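From a predicted model like this one, the values you see are computed outputs, not experimental measurements. Chain A is the first sequence line, chain B the second, and so forth, proteins listed ahead of strands; every chain is numbered from 1.
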Amino acid sequence: QSGTSSSTAAGASTPAATASAPLPSPFNGAPVKVALVRQSGAGDFFEAWGAGATAQAKAANIELTVTDARNDNAKQASDLEQAIASKPAAIIVDHGQTDTLQPLITEAVAAKIPVVTYDLALTDATGVITTSQSDASMAQGVLDQLVKDVGDGAKVGYVSATGFAPLDARAKVWDQVVAAHKLDVVFSTGKVTESTATDNIPLVDAALKQNPDVQAIFAPYDEITKGTVQAVIQNNLQSKVKVYGIDISNADIQVITADGSPWVATSATDPAAVGAGVIRTLALSLAGQLKDTSEQFPAVTITQQFLADNAVTNVTQLRVAEPKLKLDTTVVADWLPAVSG
Amino acid sequence: MTSAPLNPNEGHDDPVVSLVGVSVSYGSNLVLSDISLEFRPGEITALLGANGAGKSTLIKALSGANSRYSGSVRVAGESVHLATPVQAKALGISAVHQKVADGIVPGLSVAENLTLDDLAQGSKHILRNHRRQLADARSALATLGLEWPDRVLNQDAARLPISDAQLLVLARALRGTPRLLILDEPTSALTAAEAERLFGVLRSLRASGLSIIYVSHRFGEIEALADRVVVLRDGTVQSTTERPFGWSGILHDMLGRSADLEHDRGITHRGTDAVATLSEVTLFSGSAPIDLEIRSGEVLGVLGLIGAGKSEIAELFGGLNSPLAGTLSLGDASYSPRRPGDAIAAGVVLVPEDRQRQGILPGWSVLRNITVPFLAESSVAGIIRKRFEASRADVVINTLGIVASGPGALIDDLSGGNQQKTVVGRWLSAKPRLAILDEPFRGVDIAARREIGSRLASIAAEGAAAMVLSSDVDEIFEVADRIVVLVSGSIELDAYADELDRATVIEAFLGSHQSSTSRKDPE
Amino acid sequence: MTSATPTRVRKSSAGEQFAAFVVKWGFVGVTIGLVAFFAISEPSFRTVDNLFGMLKFIAPTAIAGLGVMLAMTVGGIDLSVGASAGFAVSIAAWTMVVANQVGGVAVTVVLVCGLLIGALNAFLIVVARIPDLLATLTTMFVIVGLKLIIVDGKSISSQMTLANGQTAQGKFTADFLWLDRGSIGPVPVPVILFFVITVLLWFLLERTRWGRALFAVGTNSEAARLAGIRVQWYRTFAYMGCGLLASVAGLLLAARIGQGDVTAGNSLLLDAVAVALVGVSVLGIGRPNAWGTALGAVLIAVMVTGFTMLGLPYYFQDFGKGVVLLIALLFSFTFSRRRTVVTAGSTTSN
Amino acid sequence: MTSATPTRVRKSSAGEQFAAFVVKWGFVGVTIGLVAFFAISEPSFRTVDNLFGMLKFIAPTAIAGLGVMLAMTVGGIDLSVGASAGFAVSIAAWTMVVANQVGGVAVTVVLVCGLLIGALNAFLIVVARIPDLLATLTTMFVIVGLKLIIVDGKSISSQMTLANGQTAQGKFTADFLWLDRGSIGPVPVPVILFFVITVLLWFLLERTRWGRALFAVGTNSEAARLAGIRVQWYRTFAYMGCGLLASVAGLLLAARIGQGDVTAGNSLLLDAVAVALVGVSVLGIGRPNAWGTALGAVLIAVMVTGFTMLGLPYYFQDFGKGVVLLIALLFSFTFSRRRTVVTAGSTTSN
Ligand SMILES: Nc1ncnc2c1ncn2[C@@H]1O[C@H](COP(=O)(O)OP(=O)(O)OP(=O)(O)O)[C@@H](O)[C@H]1O
Ligand SMILES: Nc1ncnc2c1ncn2[C@@H]1O[C@H](COP(=O)(O)OP(=O)(O)OP(=O)(O)O)[C@@H](O)[C@H]1O
Ligand SMILES: [Mg+2]
Ligand SMILES: [Mg+2]
C-alpha cells in the first residue's frame, strides 16, 4: 500500500464529486509533476491532510512527489532543495520555518517554479501563493467559546510548547485573550515530544493535583489536548474542568464524545479538505484561473454539544453535519470540484 | 617412543574413553588429524607437545567444548558424539581448560563459581540456598585439601588472584566424581607447593580408578606423575611411551630433533655494573625495606611464592606503581617512571604476568601485537611504515619460533604458548637496558623456554640486565645466573646459582612459610 | 602457606566504610531528599493521590526499563523496547477497534506479538550472531515501520472510517481500559503491575538459580557454556522476556490513551534505557537489578512531577534528569571502589 | 628453537572464498543494487544534482556518525552527539542573532562548545570513571536541558523579541550560510566537509600511529597502557573529537535551517549511532572505520530519497532502513567467520 490507498480512506464514504467540465491545459496531457514538501506527515492531522491532497491531486491529473521531513527542519530544507533541483511543474511547501525556507523559496521563484505555501509565514512572499488555515482565527474561535463558558477572571490552565510556529501563533492569541479577560492563569506547562499525547499526561496531572480548582484548560494542539483530557479524567475532575483544544480527527472525536469528556470545544478545519483545497489552489493557479495570491481556509468551532446533537462519531459524519468543513465552495472550478466534500 | 602395546599391566580394564580417527580443523587449518587414543581407568596419561601441537584442541573436542570434530569417540564402549560440555560431563568427562578466565564468572561469588555446574542442572533446587551453597563449595574445596573462609567464599570471584582461580576451577572439575579428568596445564599458575598438593590429590584419584589426562610443559611433573606419555606433533600422535620414560626420545618426538632434558647452562655469568637498583624500598606497608642491585651481564632470577611481592617489584620498574618508600635508580640517575611509557623510553621493558589481560590485543594480528609498543619508532611523522613493522615482526616470529599461519594471523588463533612467545618476543625486541619478565614461562614449551632463556643470556651478554620473576624453582635454575628469594616482601637469599644448591633455595623459598602458616598437607 | 586464604584482606578504614555507605545509599538519599524537598514546598505533592499518580505515570517506562534490565543481565541491551511498546499500542487498538474483539483477546494478541518481537531479537542475536546493539536497533526500525504500514500511518480510534469505506465498529472495551483506570483498593492497576513485575524479577534474578545463570551468561558466557549452562536458551529467554515486558508497557499506554495513538512509545526508549542503566549503578550492586531499575524510574517520576509543580518548563526536567543522574553516577562509580561487571551492549558477535 | 613450520594449511574452499567475498562486498553490493534500482526506475534520481543533494542531506548525520565512530575506536560510544549538534544550532543562532556577531565568531564559539562537551564526556569517563553509555546519556540530558534553558525554550530567529522586550538585531550572516549553500565547483560545501572528514579520519585511524593507539586502547586498554600508550589521553582525544564533529554537524544543520531551531538534532542520535555501527560491520573490517561509516550514511540517504521518489510514505523508510540494515548485518556477522572485536559502550567502569 502507499499513500494513495490511504487517500481513499479519508475521502471514501462521501460520493466522489464529479467534474462537469474537461480538464484544461496543462492538466489535459501527461500527469503534471508537483513536489509536495512537508515538514511532517506523521500524526492524525497531517496524515489526513496528506490524504486529502493526494486524492485531489489524482482528480486533477497531478503526480505528487511527497517528501516528509518528520519534523526535522534541516531535512525539509534538503527536501525543498532537491525538489527545486528536480524541476517540477510546481512546488507546494507545507508548514516549516520561515528563516529556513524563505531563501529556498526565493530561489524556486527565481527559477520560475510556481510555489504554493501552506501555513508558512514568509518574509518575502513575492511570486508565491500563500494559503493557511489561520492559526490566529482558530485560537480566537475556541477561546471566545472558553470565555463564554467560564467568564472573565476565571482560573485557567495552559498546556502548550514553544518553538513550534503554529503553537507560537496560537500562543499570541492566548496572551491577548488572557489580558483582555483578566483570566487567572494558574499553571502553564506542556511539551511536544515524539509521543506528545502520552508525555503530557504526567505534566498536566501534576498541575491538576496542585490546582484542582482550575476551571478551564486551553491545550491548542490536539495531541496535547488528548493528553490533557486523560489527565483530567485521571484526576476525576471531568465535571469541574473544561478543556479547549484545536484540530479534529476521528481519534479526537472519539475523545470528545466519550461519556463525561471534559473536552468541550475544539476549533478546526477538516485537514483532508484543507489538503485538497491547497491542491486546488495550485491547480487553478497553473491553469491561470486563480485571482488572489493568498487563500485562507476558515476554521469552524465545534462543540461537544454539537457533536452530541448530531450524533457525530467520525470525521465523515462531521462533514455532513457541518458542511462548512468541506470547503466545497472554496477555490473550485467546474472542472475541479472538491474531492473530499 | 615406539607405540606401546595397547594392553599394559592392568590390561583387563576396558578403556574409559577411546578416540578413533579424530580430526579437527579451524577453517582451512587442519589442526588435528586422525588421532586414535585410549584412556584407561586408574591411569594418568601425560599429553606432551610443542606449543601449537594441538593439545588444547584435542581436549576441547574430548570435553564437548568443540563439537566440530570428525571421527568417533567411544565412552565405556559406546560410540557418542560429544556436542556440549554438559553431555561430556554427563558421560563422566570433566575438563579444566588452559585459560583460567574461561572458568571464572566475575560478579558471582567464589562459592557460586565453585558450584557453577548446579546452575545448569535441570532437576535440582530452583531456589538459591546460601547455606547449602557454602556447604557444597566447602566440600568441593575439600577434595583439594583447601579450606577457604566464608569471607573468601562470599567475595566476588573476579578478585581471586590467578592461582586461586586456578584452584577454584580444579576443585569444580572434581565435583561429581568424573571418570575421565582432563587437566590442561593446571600448574602453570600454581606455585610448587600448590602443585605438589595437587599431585597428591591426583594420585589418590588415580588410586580410586579415575582416568586422567594431564597436559604440561614441565617434565618434572610428568616424571613424578604420569603412567604413560603421549606425544603430539603437528596434530598427529607421534608416540606413546610407558614408564620408564626415555626422555631424549620423547623430546625428539616432540620437537622433531634431538634435545636434552637437562639443560647445562655451562658457565654462570657474574654481572658487572649495576643497571638498576632498589634502595630502601618497601614493597608492602609494614614489610622491611629491601635493597637490590640488578646488574648488567647476568640474568637475575627472583623466586617467590604468590604474594611475595615479585609483581610489585616489576610494577615499580614498569612505571605502574611508585614505591611506598625508598628510591629506584637506573644507571647513575634516579629513576621514577610515572607511567609505562616512561619506563619504555628509559629502556625498561616489562613482560606482564597475565598475558590475556595485560599482554595481548585480541582480534589483532600477531604482527600488530608485536609492534604496538613501538609505534613511534616504526612511524615517520606519525605515519606508520608498514615494511619496518613487518620486518620487526618477522624477526620476533623467527627467533622465537612462533607457530602461526603468518604474521597476519589473528593472535586469538594461536595456541596459548605461542601467544606467550609473542608477548615475550615483543618486549625483548625493544633492545632493552633492563628486561623484567614476570612469569614468562607460563605455558611455553621446553624449546621456547630454552629460546627465551638464551635470548635473555644474549641480551645480558650485550650489557643489558634481565630479571626473571617466577615461583618455579626449576625455571629459575634453568635461566638465572643469580638467584634472589623473596618472602613476604623481603629478601631471604641473594646468591649466584653456582654457589647454591637446590635444597638451600627451596628451604629459603618454602621453609619460612611453612613454619609461619598452618597448612594442612594433603595426605 | 599457599593460598589457604586467597586474598590478603585488610580491615577497611572508617573513610572507606563511609564511602561504601555513600555508594550504597547515595542514590536513595538523593531520591528521598528530592521527595522531601517537593513535599515541603508543594502541599499537593504530599498526597497519596499524587504518590499513586506518579507511580502510575511512570509504570510503563519502569516496566520497559525492567525489560531492558533483563536483556542486560545476559550482557546485552534492547533498543527495540520503545518500538515494541508502540507496536503493542497499535496492535491492541487494531484488535479491538478494527477486528472488533474484546480486551482479553487484544491483550493476548499483544503479548504474543511482544514475545515474537523478543524472539526475533533473540534469533538475530543468538542464531544469526548479530551483536545486540545492532540487532535490536534493526528490529526497532523494522517494527516501527511495520506498525505504520499495518495502520497506514494512522491512529486507530473507534468509529474511524476504514480503507473499505466502512466505519470501524469496535472500541476499547472496559476490561481493557481497566488496565489503566482500574484499581485494587486504593492502588491503581499499573502501579500493582509495576510492583509485581519488580518483585518477580528481583526474585528470579536474586533468589533462583536461573537468575544466577542469567548473570553467568552475561558476565562470562564462555565459562557459563563450559559449565553446561545453556547459554543460548538463557539469551533467548532474556530477550523474549524483554519483548514481553515492552508489550506490557505498551498495553498500559494503550489503555491510558484509549486509542491506537501512532506516536505512543516513541519517547520510551531513552528513559527505559536510562532507568535500567541507573539501576546497575544504584544501591552499590554493580549489576542489573530490579529494585535499582524501579528506583531509577521512581526518581524520574518524582522529578517530572515536582518540577512541573514548581512551575518550571519541561526542559528543566531534562536538565534535572541529567544532573541527578550525574550525582547518582558520581556516587556509584567515582566514589566507589567496587567495580561493576556488566557489559551492556556490544558490537562483538557472541 | 622449535620448528617454525606453520600449521598445515588446507586450500580454502570455493565456498569459503565466496562467503568471505560476500562479507566484504555484500553491503556495498546492496547499496549499488539500490542505487541502480532507483536510477532505472526514477529518472530524476540519476542526476548529478540529486547525487549531491543526497550527500548534502546526509552530511550532518554522517559527520556525527563519524564522531560516534571515533568514540567507538576507544571502546566507547557517545549518546550525546544529537544533543551536541542541537546545542550547536542554538548557540550559533544565539551568537549571531542575539549577540549580533558574525559567522566566523559563531563558528568559533560553536566549535569550542563542542570541544567542551567532549571534554565533559571525557572527564566523566576518564576521571570520574563513569561508564561511557551512562556518562554520555547524562551529558545528553544535561546539554539538551541547558540549551533550552539558555534560549528559554524558543527557536531563535532574527527580529525575534527578546526577554527584555527589544528586538534581536542580528541575523545569520552570509558567510555562515555559505556552510550550507556554498559550493566549490559543483560540489556543495557540506559534501566537501563530509568527504574531507572521512578521508582525514581514515588516514588518522589506518595510517598513523595515533590511530593504531586509539584502537589498542579500545581493544585492551590494560595491554595498551602497559605498551606505553597514554590511554586516558587517547580516550579524552576521542571524546573531544567526537564532540567537535557533532558540533560541525550542528553547524551544517544551523546553516541549513537558518535559525536556532530548538528541535534540531533530535533525530540525529539514532541515525548517527546506526551508521557508526553499520560502519563496524561493513566491508568485512570488523572494527570502527571511516569509510564504512560514510557508506552507511550514504545508504540511508539513498533509501530515503529513493523511497520518497517511489511515492512511499515516510514510514517505509524506517522499514526499509531496518530491512537493509538487517541484510547488511547478516552478510557481516552471520555469513562471516571472522569475529568483530569492538565493544562499544559498556556499563563497566574502566
Ligand atoms: N580458534 C582457532 N582458529 C584457528 N586456529 C586455531 C584456533 N585455535 C587454535 N588454533 C591453531 O591450532 C593449533 C593447535 O592449537 P592448540 O591450542 O591446540 O595447541 P596446544 O598444543 O594446546 O599448544 P600450547 O602448548 O601452546 O597450549 C595452533 O596452531 C593454533 O594456531
Ligand atoms: N591493595 C591490596 N589490597 C589487598 N590485597 C592486595 C593489595 N595489593 C596486593 N594484594 C595482594 O597481595 C598479594 C601480592 O600479589 P602479587 O601478585 O604482587 O605477588 P607476587 O609475588 O608477584 O606473586 P605472583 O606474581 O606469583 O602472583 C596478592 O595476593 C594480592 O592479592
Ligand atoms: Mg594449549
Ligand atoms: Mg605476581
Side-chain angles (χ1 to χ4, degrees), chain B residues 63-65 84-90 95 97 99 101-108 110 112-113 116-121 124-128 146-149 151-152 155-156 158-161 163-165 167-168 172 190-191 193-194 197 284 305-307 363 513-514 516-520, chain C residues 1-13 72-75 202-234 280 284-289 336-344 346-349:
Chain B
S63 62
T84 63
V86 195
Q87 205 186 340
K89 208 163 273 181
H97 294 279
K99 242 164 88 184
D102 280 351
I104 300 284
V105 177
L108 299 194
V110 171
E112 281 173 322
N113 267 284
L116 196 59
D117 306 355
D118 294 353
L119 291 183
Q121 254 138 51
K124 267 204 215 154
H125 320 280
I126 288 158
L127 296 190
R128 294 172 62 206
L146 292 172
E147 260 180 77
W148 288 353
R151 175 170 43 77
V152 172
Q155 82 176 10
D156 186 339
R159 292 172 58 191
L160 285 183
S163 65
D164 292 310
L167 292 172
L168 187 163
R172 189 170 68 212
L190 297 186
T191 62
E194 284 164 333
R197 184 164 48 193
F284 301 116
L305 290 171
I306 287 173
H513 255 281
Q514 263 157 346
S516 72
T517 329
S518 55
R519 182 171 60 83
K520 251 193 351 185
Chain C
M1 63 134 232
T2 54
S3 25
T5 310
T7 357
R8 242 175 268 190
V9 176
R10 282 180 310 119
K11 260 253 153 46
S12 29
S13 72
M72 281 169 56
T73 59
V74 295
W202 162 78
F203 189 79
L204 170 73
L205 293 180
E206 301 297 330
R207 285 286 175 270
T208 70
R209 67 178 174 83
W210 298 311
R212 308 313 285 175
L214 284 167
F215 283 129
V217 170
T219 43
N220 188 344
S221 66
E222 182 62 11
R225 185 177 78 89
L226 292 174
I229 293 171
R230 317 206 49 170
V231 172
Q232 309 303 48
W233 282 21
Y234 281 96
V280 172
I285 294 178
R287 60 164 182 258
N289 69 91
S336 157
R337 307 187 66 257
R338 199 184 192 303
R339 227 175 80 86
T340 50
V341 291
V342 176
T343 303
S346 69
T347 46
T348 315
S349 62

Participant: Using the test salt bridge (Lys or Arg N to Asp or Glu O under 4.0 Å), find all partners of C:Arg225 that sit at least two apart in sequence or belong to another chain.
Facilitator: C:Glu222
Participant: Measuring only between side-chain heavy atoms, which start at C-beta, is B:Val105 closer than 4.5 Å to C:Phe215?
Facilitator: no
Participant: What distance do C:Asn220 atom CG and B:Leu108 atom CG have between them, rounded to the nearest 0.5 Å?
Facilitator: 9.5 Å
Participant: Relative to chain B, which segment of C:Arg212 carries a heavy atom at a distance below 4.5 Å: side chain, backbone, both, or neither?
Facilitator: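 When you check distances to chain B, atoms from both the backbone and side chain of C:Arg212 fall under 4.5 Å.
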Participant: Do you know the tightest heavy-atom contact between B:Leu116 and C:Ala223?
Facilitator: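 Smallest interatomic distance, heavy atoms only, reads CD2-O, 4.1 Å.
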